[in-house]
Amino acid sequence: MTISVPQVTPQQVFELVSELDTKGFACIPNYVQPSDLTRMQSFVSDAIRNAGNEYVHFNGPDAVAGSGLEELAHSEDFNRLIYDLYEQGTGNPADKEEFYQVLRCLSGSTGQKNSLIFHYDSYVVTALIPIHIPADGLAGDLLMYPNTRTIRSTYIANAFDKVLLDNPITQKLLRNRVSARHLQPMRIKMKPGNIYFFWGYRSIHTNEPCDPDKIRATALFHYKNPHRKHVQ
Ligand SMILES: O=C(O)CCC(=O)C(=O)O
Ligand SMILES: [Fe+2]
């Protein structure tokens, strides 16, 4: 069985990019077919069980072999979509480059520890597929301040942004904003099988925790680190 995903027209890409630039995120509903989603969900359920109902994550396509996520990473249509978003969004040509692919499975108290860590991604395009989202209680919403910076021309400027963000004072300040009345981050409630996009490099974001007795799993595909020279 091989995964198949819908083709996305140039007009749709255009609309997705304009949503990314204005609203800060974009979504294609039901991008993953129900039978493929079921495969991904059972991979996650097994992984969480093997991890004693605690946080577990997998990097790269080989680590998720059998889930369908490795097939997605190699799917022509999916690759084309990510390249098109990048090209339209930045005006730069997209080189063929492997995604930085992660499957994050949150559960238990370690799932909570791996939440509310605000960051910029190292990669320009972030595609996120929710696989398991708790139906009630704390669902682990995506929290975001979209498009708060541009793509930096130097690695050092990028590192400086990250230091400003990745320290206990800034993290505390941002965490306090989540339930505050003002300057709240945007909250994206996610539905399994949809695909969400945002400019991860440019946007401060994180996930809210989910209840420790639940499972919240997301598959992330990151594309294009602007500060790494392309190596064949
Ligand atoms: O799991 C999520 O919702 C977001 C994770 C994330 O931002 C990341 O892994 O870079
Ligand atoms: Fe991220």
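Remember, it's 1-based here, ligands and their atoms both numbered in the order they're listed. These figures come from a predicted structure and were not determined experimentally.
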Centroid-to-centroid, [X] to [Y], below 6.0 Å?
| X | Y | answer |
| --- | --- | --- |
| His227 | Tyr201 | yes |
| Tyr123 | Phe99 | no |
| Phe43 | Phe58 | yes |
| Tyr83 | Tyr223 | yes |

Close residues (non-hydrogen atom under 4.0 angstrom from ligand 1) work out to Arg104, His119, Asp121, Leu128, Leu142, His205, Asn207, Arg216, Thr218, Leu220, His222
Tell me whether Ile156 at atom CD1 has more than 12 heavy atoms from other residues, nucleotides or ligands lying less than 6.0 Å away. no
For atom CD of Glu98, is the number of surrounding heavy atoms from other residues, nucleotides or ligands below 6.0 Å larger than 12? no
Has Thr90 got a side-chain atom pairing as donor or acceptor with Asn92's backbone, closer than 3.5 angstrom? yes
Protein N/O/S atoms closer than 2.8 Å to the Fe ion (ligand 2), ordered by chain and number, come to His119 NE2, Asp121 OD1, His205 NE2
Please identify each residue that fulfils salt bridge (charged side-chain N to carboxylate O under 4.0 Å, His left out) with Asp161, with sequence neighbours left out. Arg149, Arg152
Suppose we screen for salt bridge (charged side-chain N to carboxylate O under 4.0 Å, His left out). Which residues come up paired with Glu70, at least two apart in sequence or across chains? none
